[in-house]
Amino acid sequence: MNILVLGNGAREHALIWKIKRSKIVTKLFMYPKSPVFGAEGSEVFSLSLENLNGENIWSHCAVKAKELGVDMVICGPEAPLVEGAEECFRDQNILFWGPSQKAAQLEGSKAFAKNIMKEAGIPTANYQEISFEDNPREQAYQYVQKYGAVVLKASGLAQGKGVFVCKSIADIDAAHEHFASPSMLEASKTIILEECLIGRECSYFALVSGQKSMPLGFAVDFKRLNDGDEGPNTGGMGAYTPVPWLPAHATNIVEQQIMTPLLKTLAKHKIDYVGTLYVGLMWTLEGPKVIEFNVRFGDPEAQVLCFHDDRDWGSLILNSLKPKEDNGAGDEAIQKTTQAPNKVTVGVVMAAEGYPYNTPKQKSAVNPALNQDFGAGKVFFGGVERNGDQLVAAKGRVCTVVFSGSSFEEARAKAYSVVEKYVWPGAVFRRDIAKNIR
Ligand code: AMP
Ligand code: GLY
C-alpha cells in the first residue's frame, strides 16, 4: 500500500518510522514537508501544495494524494480532523485513519465531550458549562471558596493553552484575562467549570473502529515545563510506557467503564468513530476518571508507544479500517507481541530556547550524530529546519530522544546520556523524566 502520513512533528516522525517497518507498505508519503523524514527511506516524498487560491487545503491534498496513488492516510494532528480532512479523503475513495469532523468534536469541543460522557455514564469530573458572556468568574470564585480549587477550560481548541487549575481568586482572574485575550476569544466562547480531580495522571490509547476498540497501551506524559511538575503547561516534555503503578486489570477497567459506553453512545448519535482515541485519565481512589479525549496519538506519547510496541502498526490500522475478510491479512499473529515482559520505554523531549512562549533568538545547530541509529534508542525530530547542510533547532519541541531498557533507570540513563552528549546552547528539557517510577 502507498501510505500518506499527515503532520510533521516528532509524533509523525515516529509514525513514519513505525509504518516504514510495516509489511503492508510499498511507498510512504508525507505532508507537510519536514527536513528529516526523508532519512527514513528514499521513498518518503512530500506533496507540494502551493497556490491553493483559497481552496480547502484537505480536498486539494486528497486530489493530489489520489494522483500519487495513495491508498491510505494516517492523520497525526487534530487540526485536519476538526477541519474535515476525513470527508475529503473519503470522497477520493482513500482509506483514512482518523475520525470524521463530527466525531473529532470529542477533542474540538470540550462541551460536546462532557455531554457525551454524561449521557454515557462515563466517570469524569463534575462540571458546569457557562457562556463566557455570562461571566463564569463569579461561579468560579464560589467553587474555590467551597472546594479549594476549580478547573477552568475553554471549550474550543486552544493548542494546550486553554486549561487552568485554579486554587485562588488570583488564579481565576489570570485565567479569565487569558480567555478574554483576542487569540482565545473563539475557543473560550463557552467555558467549562470543573471539579478538580485528585489522583495520578496517565493516558490510554486505542485503535477504534465503530464498536471495536483495540488497546495499544498506557503512557504517562510530563506536561509541565520544569522538573518536579513545576512551571507552565506545555505540549509534553517527556513520556514513559508502560505504567507500572496501574492496577493489574487497568485495560479491562478502561474498556468496560469508558470505551464501551462511549462507543455505544456515539453510535446512538449516528457517529461512527474510526481512528486513534487518546483518553486522558486521572486514576483516582475510585478508579479512572476521564480528563479529556483526544482524537489522535499524543505527542510525545506516540514516540514511546511506537518504539516500545513490536507489533506491525500498519497492519493493525489496516485491520481496524477494513473488515478482516477484505484485506486477507489473517492477522492473528501480528496481534501478539514478542517483546520482553520487563521492557520499558522512556522519551525525553528537547525543545528550542524560549519554549513554550517564544521562538529562539538564535537557531542553534543540532549535532548531525543525533540523527544516527542508536539501536535501543531513536531520536524523533519535530521543530527543526535545514540551514545549508545543517539541521537547526528552529522552534517548539525540537526532538524526542527515546530509549528502551529493562528498567526505567536503565532506559532513562541511556536517553539522558544522548541528551547530555548532544545538547545545543539554549536547549530546554527536563531532567526528571521517568525518575523514581513506582
Ligand atoms: P487538558 O488540556 O484537558 O489535558 O488539561 C491539561 C491538564 O490540566 C491535564 O493534563 C491535567 O493535569 C489538568 N486538569 C485538567 N482537568 C483537570 C481536572 N478536572 N482535575 C485536575 N486536573 C485537571
Ligand atoms: N502530550 C499531550 C498531547 O499530545 O496532547
Side-chain angles (χ1 to χ4, degrees), residues 1-9 11-13 15-16 18-20 22-34 37-38 40-108 157 207-210 212 214 266 270-277 294-297 302 312-329:
M1 288 198 122
N2 296 334
I3 301 176
L4 165 64
V5 174
L6 294 182
N8 65 353
R11 165 183 54 204
E12 288 76 24
H13 187 186
L15 289 172
I16 291 219
K18 187 71 174 165
I19 300 300
K20 180 81 190 162
S22 169
K23 68 177 188 192
I24 68 162
V25 73
T26 315
K27 270 189 194 171
L28 259 175
F29 297 87
M30 57 157 304
Y31 178 80
K33 215 174 182 160
S34 153
F37 295 0
E40 296 307 336
S42 56
E43 293 178 297
V44 180
F45 298 95
S46 63
L47 296 168
S48 164
L49 291 174
E50 309 302 324
N51 309 319
L52 278 176
N53 296 328
E55 264 180 83
N56 175 339
I57 180 169
W58 303 116
S59 63
H60 195 84
C61 190
V63 170
K64 198 84 189 165
K66 192 75 188 172
E67 278 167 29
L68 286 164
V70 168
D71 303 299
M72 176 162 94
V73 177
I74 298 175
C75 185
E78 66 280 14
L81 301 166
V82 174
E83 290 160 14
E86 188 266 348
E87 289 78 356
C88 297
F89 284 91
R90 190 153 36 87
D91 284 348
Q92 296 295 331
N93 288 318
I94 297 173
L95 291 172
F96 189 88
W97 185 248
S100 65
Q101 192 169 28
K102 208 166 165 193
Q105 282 194 89
L106 273 184
E107 176 166 358
L157 281 184
L207 304 180
V208 174
S209 178
K212 269 193 317 187
M214 220 283 297
L266 287 175
K270 307 230 173 325
I271 296 175
D272 194 26
Y273 192 100
V274 176
T276 309
L277 190 72
N294 291 319
V295 295
R296 53 175 173 80
F297 287 107
D312 176 345
W313 280 21
S315 300
L316 290 182
I317 288 174
L318 180 62
N319 274 1
S320 295
L321 267 173
K322 287 179 112 182
K324 227 183 209 136
E325 54 277 15
D326 270 24
N327 63 48

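Scope of the values below: all heavy atoms of this structure, side chains included, with no hydrogens, waters or symmetry mates.
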Colleague: Report yes if some heavy atom in the side chain of L207 is under 4.5 Å from a heavy atom in the side chain of S320; otherwise report no.
Modeller: yes
Colleague: With sequence neighbours excluded, tell me which residues meet side chain to side chain donor-acceptor pair (under 3.5 Å) with E83.
Modeller: W58
Colleague: Taking the side chain as everything from C-beta on, heavy atoms only, tell me whether L95 gets closer than 4.5 Å to K322.
Modeller: yes
Colleague: The criterion is side chain to side chain donor-acceptor pair (under 3.5 Å); which residues satisfy it with S22, sequence neighbours excluded?
Modeller: D312
Colleague: Side chains of F29 and I3, heavy atoms from C-beta outward: is any pair under 4.5 Å?
Modeller: no
Colleague: Identify, with sequence neighbours excluded, every residue that meets ring pair (Phe, Tyr, Trp, His ring centres under 6.0 Å) alongside F96.
Modeller: F89
Colleague: Pairs in or reaching into residues 90-106: which pass salt bridge (Lys or Arg N to Asp or Glu O under 4.0 Å), with residues at least two apart or in two chains?
Modeller: E86-R90
Colleague: Walk me through whether C61 and L6 qualify under side-chain contact (heavy atoms from CB on, under 4.5 Å).
Modeller: CA-CA 10 Å; C61 190; L6 294 182; 4.3 Å; yes
Colleague: Enumerate donor-acceptor pairs with a distance under 3.5 Å from any side-chain N or O in residues 67-82 to protein atoms, sequence neighbours excluded.
Modeller:
unit_1	atom_1	unit_2	atom_2	d
D71	OD2	N2	N	2.7
E78	OE1	R296	NE	3.0

Colleague: Identify, with sequence neighbours excluded, every residue that meets side chain to side chain donor-acceptor pair (under 3.5 Å) alongside R11.
Modeller: none
Colleague: So do the side chains of L266 and D272 get within less than 4.5 Å of each other, counting heavy atoms only?
Modeller: no
Colleague: Would a distance-only check, ignoring hydrogens and angles, find a side-chain to backbone donor-acceptor pair under 3.5 Å from E87 to Q101?
Modeller: yes
Colleague: Answer yes or no: is there a side-chain heavy-atom contact under 4.5 Å between I24 and I19?
Modeller: no
